[in-house]
Amino acid sequence: GGSLLNAVSYISAGLGPVLESDFATVVDKVEEPVNKSTLNQTVQARVKDAIWFNSITKTLDENGKLVYQSSGVEIDYDTDVIAHRNQIKEHIMTYGAVWGSMSGNMYDPETGNIFYDQTNASYYMGDPDFASSINYGGHAITIVGWDDSYDKFEAQTLKPEHTGAWIILQSYGTEKFDNGYMYVSY
């Protein structure tokens with residue numbers, strides 16, 4: 001959870017990050033109010049700038065056709081979506097991992113559509129109507145790589161139109177998924 005904009009603003013202002021051991025705000029799984037006297041901790045890193053990538057969403061048009069959008073404007077898969085994906089790949093190769101967000105829902109309880117394949121640690125929502133009806137993107141992830149030929153989405157009810165997936169590091173720890181990693185369809 002949380003807000004990426006708030007986090008980047010905080011870190012780029014030179015206020016953080018700090019070590020959790022120096023600035024613990026969670027005690028026994030209960031959030032405690034922040035004591036203002038603890039705010040002046042040693043900053044462990046400084047961010048001088050951040051690169052933002054526009055979000056791409058999928059929706060269905062009135063004919064049931066899958067439509068890609070960025071900032072509310074329809075974009076073309078073969079040019080815009082692939083170019084966007086290539087920018088992220090270039091960024092990962094040059095600078096390292098990319099923060100992202102996705103739905104944390106593993107299935108749709110109303111339709112029974114399954115989004116997560118436990119055997120292959122793969123994820124594909126595939127249902128833009130469900131995605132738009134929830135807080136889509138409320139789960140923080142780290143994109144660490146990709147596999148353009150990945151196609152192991154056997155358990156999912158709906159299948160991706162295209163092969164390929166981001167390799168992501170989950171924020172749930174190494175006990176879940178494939179040692180904390182999973183594949184998310186492009």
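Here, residue 1 is the first one in the sequence, and each next residue gets the next number. Nothing here was measured: the structure is a model prediction, and the numbers come from that model.
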**Item:** Heavy atoms of other groups near Lys176 NZ, more than 12 under 6.0 Å
**Value:**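 Counting neighbours around NZ of Lys176, 12 or fewer heavy atoms of other residues, nucleotides or ligands fall under 6.0 Å, so no.
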
**Prompt:** Do the ring centers of Tyr116 and Phe177 come within less than 6.0 Å of each other?
**Reply:**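 Ring-ring flag for Tyr116/Phe177: true, centres closer than 6.0 Å.
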
**Item:** Residue pair Val81 / His84, side-chain heavy-atom distance below 4.5 Å
**Value:**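 No, every pair of side-chain atoms sits at 4.5 Å or beyond.
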
**Item:** Atom pair CH2 (Trp166) and CE (Met102), whose distance is rounded to the nearest 0.5 Å
**Value:**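 So the gap between those two atoms works out to 14.0 Å.
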
**Request:** Could you verify whether a donor N or O on one side chain and an acceptor N or O on the other, from Gln156 and Ser122, lie under 3.5 Å apart?
**Result:**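 Judged by distance alone, the side chains do pair up.
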
Exercise answer: donor-acceptor pairs, residues 144-152 side-chain atoms, under 3.5 Å, sequence neighbours excluded:
from	atom 1	to	atom 2	distance (Å)
Asp147	OD1	Ser149	N	3.0
Asp147	OD1	Ser149	OG	3.0
Asp147	OD1	Tyr150	N	3.3
Asp148	OD1	Lys89	NZ	2.6
Asp148	OD1	Tyr186	OH	2.5
Asp148	OD2	Lys89	NZ	3.0
Tyr150	OH	Asn120	O	3.1

**Request:** Take Ile82 and Arg85 through the test side-chain contact (heavy atoms from CB on, under 4.5 Å) and record every step on the way to the result.
**Result:** CA-CA 5 Å; Ile82 291 176; Arg85 186 180 305 148; 4.2 Å; yes

Mind checking side-chain contact (heavy atoms from CB on, under 4.5 Å) for [X] and listing every partner two or more places apart, or none if nothing turns up?
X	result
Asn54	Ser70, Ser71
Gln69	Thr57, Thr59, Val67
Thr157	Asn113, Ile114
Asp76	Asp78, Thr79, Asp80

**Request:** Quick one: closest heavy-atom pair of Tyr181 and Ile167, and the distance?
**Result:**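 So the minimum-distance heavy-atom pair works out to CD2-CG2, 4.3 Å.
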
**Request:** Indicate the atoms forming the closest heavy-atom contact of Asp117 with Glu154, along with that distance.
**Result:**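 In this case the closest contact between Asp117 and Glu154 is OD2-N, 3.5 Å.
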
**Prompt:** Can you get from Ile141 to Tyr95 by hopping between Ile, Leu, Val, Met, Phe, Trp and Tyr side chains that sit under 4.5 Å apart?
**Reply:**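 Linked within one cluster.
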
**Prompt:** Would Phe53 end up clustered with Met93 when hydrophobic side chains under 4.5 Å apart are linked, directly or stepwise?
**Reply:**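 They do share one cluster, since a chain of ILVMFWY contacts under 4.5 Å joins Phe53 to Met93.
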
**Prompt:** Passes side-chain contact (heavy atoms from CB on, under 4.5 Å), Trp99 versus Ile143? Steps please.
**Reply:** CA-CA 6 Å; Trp99 178 93; Ile143 303 170; over 6 Å; no

**Message:** Run the side-chain contact (heavy atoms from CB on, under 4.5 Å) test on Met106 and Phe115 for me, step by step, so that the C-alpha distance in whole Å, both residues' side-chain angles and the decisive distance to 0.1 Å come before the verdict.
**Reply:** CA-CA 5 Å; Met106 298 300 167; Phe115 308 137; 5.6 Å; no

**Prompt:** Taking only residues two or more places apart in sequence or in another chain, which ones pass ring pair (Phe, Tyr, Trp, His ring centres under 6.0 Å) with His162?
**Reply:**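 Counting only residues at least two positions away or on another chain, His162 forms a ring pair (Phe, Tyr, Trp, His ring centres under 6.0 Å) with Tyr77.
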
